[in-house]
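In what follows, a single structure is set out as structure tokens and then discussed.
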Amino acid sequence: MRIAPTLAGMATYPFVRLEEARRRLVAEGVKVIDFGKGDPNEPTDPIIRQALVDAVPERAPYPLAAGLPELRDAAARWCGRRFGVEVDPDTELVPTYGSKEAIFSLAQVLVDPASDKRVVAFGEPAYPVYERGALFAGAEVQMLPLVRGNGFMPELGALDERTAIVWVNYPHNPTGAVAPLSFYEELAELAERLDFVIASDEAYSELWFDEPPPSALQVADRSRVIVFQTLSKRSSMTGYRSGFVVAPPEVIAALKAYRPTVGTAPQEFVQRASVVAWDDERHVGETRARYAAKRDVLLPVLAAKGWEVVASDATMYLWIAVPDADELVTRLLELGVLVSPGSFFGPSGEGYVRFALVPTLAECERAAAILAEL
Ligand SMILES: Cc1ncc(COP(=O)(O)O)c(C=O)c1O
């Protein structure tokens, strides 16, 4: 069987490898505390679950790519409340099936692989989907190293006229770094000068510890800004698959033309539950408090070990500088504590490990005790 070369040439998705390691340990009877994948174990709030149940119809027709007007309105209202921006729910917003599929397909929608302007740039270490989406679209990728010395912000001087899309992701997975609004302003000015679009993946904007991070939507000139939002982390709804894109009307029109072919509109009962989720902030505050409690359990023991927690100002991740990351990951795995090596996320992730604060508080306490004994 012939497989498309882009797929055949790709390494196994790193988290598939982690999952295999976890399964092996569980089969050996080890009680694994899994700080690997960023899939929240938090319960989805009962009001959201009830809204889903109430919305399940006798017959569910194909959902339309434009989404339910109720959901578009709720998402646009939320952008207004959270970031103080006015978004037209009909022309500037489209619901998505979580955000991954929309992130993956953006280059297919916007990049002409036969033109010179076909470079998709993104910081690394990174969520792997910016790169994979670009490669499947026949675009060229440019990695911008995110290192401690530059506060995990990309060097914008590396961009040029060939740049078509610049991905940014703040609060950042895996480092937990937060970008100030001035960074987005600088990027927006450059986007105007070099004629590229800014694709801002804001999956973690609601998981913060001290103050709410800004959005790329808040720049003075939003005409080149595309923002990807999701309920996955904000509302612990990874399995529901619900997010939205805010973008200039031309981009939303292009997405509405593209998306029916792929068939990734969220189910309408999920969209109705999503309306309830975007309209409620109580459960988000509670979620933040739970992550903060877990973080507080781990920080002292990490400090006592001399492992330095770097950035980590938001998101559900702790980004930890350690002397020998690979050796540590293996040692922890033997003790039933699964963490991700930073190198999973790109070459600049060498020398770090990432803890996703997804185990329960009790498990975090158990892990802290294991770490203290190490
Ligand atoms: C940086 C980042 N962006 C986007 C996503 C996609 O999330 P979803 O498709 O569940 O919205 C994730 C998921 O882990 C992520 O870490």
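Counting starts at 1 for both ligands and their atoms, following the listed order. Keep in mind that what you see is a predicted model, and the values were worked out from it rather than measured.
- Using a 4.0 angstrom heavy-atom cutoff, Lys233 counts as in contact with ligand 1.
- No hydrogens or angles considered: nothing links the side chains of Trp319 and Glu308 as a donor-acceptor pair under 3.5 Å.
- Taking the charged nitrogens against the carboxylate oxygens, Arg22 and Asp34 do have a contact shorter than 4.0 Å, which makes a salt bridge.
- At least one heavy atom of Tyr130 sits closer than 4.0 Å to an atom of ligand 1.
- Of the possible donor and acceptor atoms, one in the side chain of Gln271 sits under 3.5 Å from a partner among the backbone N and O of Leu68.
- When each atom of ligand 1 is checked for a heavy atom of Asn169 under 4.0 Å away, the hits are 1 (C).
- Side-chain N or O atoms of Lys233 include none that pairs as donor or acceptor with a backbone N or O of Ala203 at under 3.5 Å.
- With respect to the salt-bridge test (charged N to carboxylate O, under 4.0 angstrom), the residues Arg222 and Glu92 qualify.
- The cationic group of Arg295 lies under 6.0 Å from the six-membered ring centre of Phe209 and within 45° of the ring axis, placing it in a cation-pi geometry.
- Considering backbone and side-chain atoms alike, Tyr127 places every N or O at 3.5 Å or more from each N or O of ligand 1.
- On a distance-only criterion, Arg241 and ligand 1 share at least one N/O pair closer than 3.5 Å.
- Contact annotation: Tyr97 has no heavy atom less than 4.0 Å from any atom of ligand 1.
- No more than 12 heavy atoms of other residues, nucleotides or ligands sit less than 6.0 Å from atom CD of Glu155.
- Close approach of ligand 1 to Thr230 is summarised as follows: ligand atoms under 4.0 Å from at least one heavy atom of the residue are 8 (P), 11 (O).
- A distance of 6.0 Å or more separates the ring centres of Tyr352 and Phe345.
- Some N or O of Asp201 is nearer than 3.5 Å to an N or O of ligand 1, by distance alone.
- Of all atoms in ligand 1, listed by their number and element, those nearer than 4.0 Å to a heavy atom of Tyr204 are 1 (C), 2 (C), 14 (O), 15 (C), 16 (O).
- Between Ser99 and ligand 1, a contact under 3.5 Å exists for at least one N or O pair.
- Contact analysis puts Ile103 in contact with ligand 1, with a non-hydrogen atom separation below 4.0 angstrom.
- In terms of protein heavy-atom proximity, atom 10 (O) of ligand 1 is nearest to Ser232 OG, 2.5 Å.
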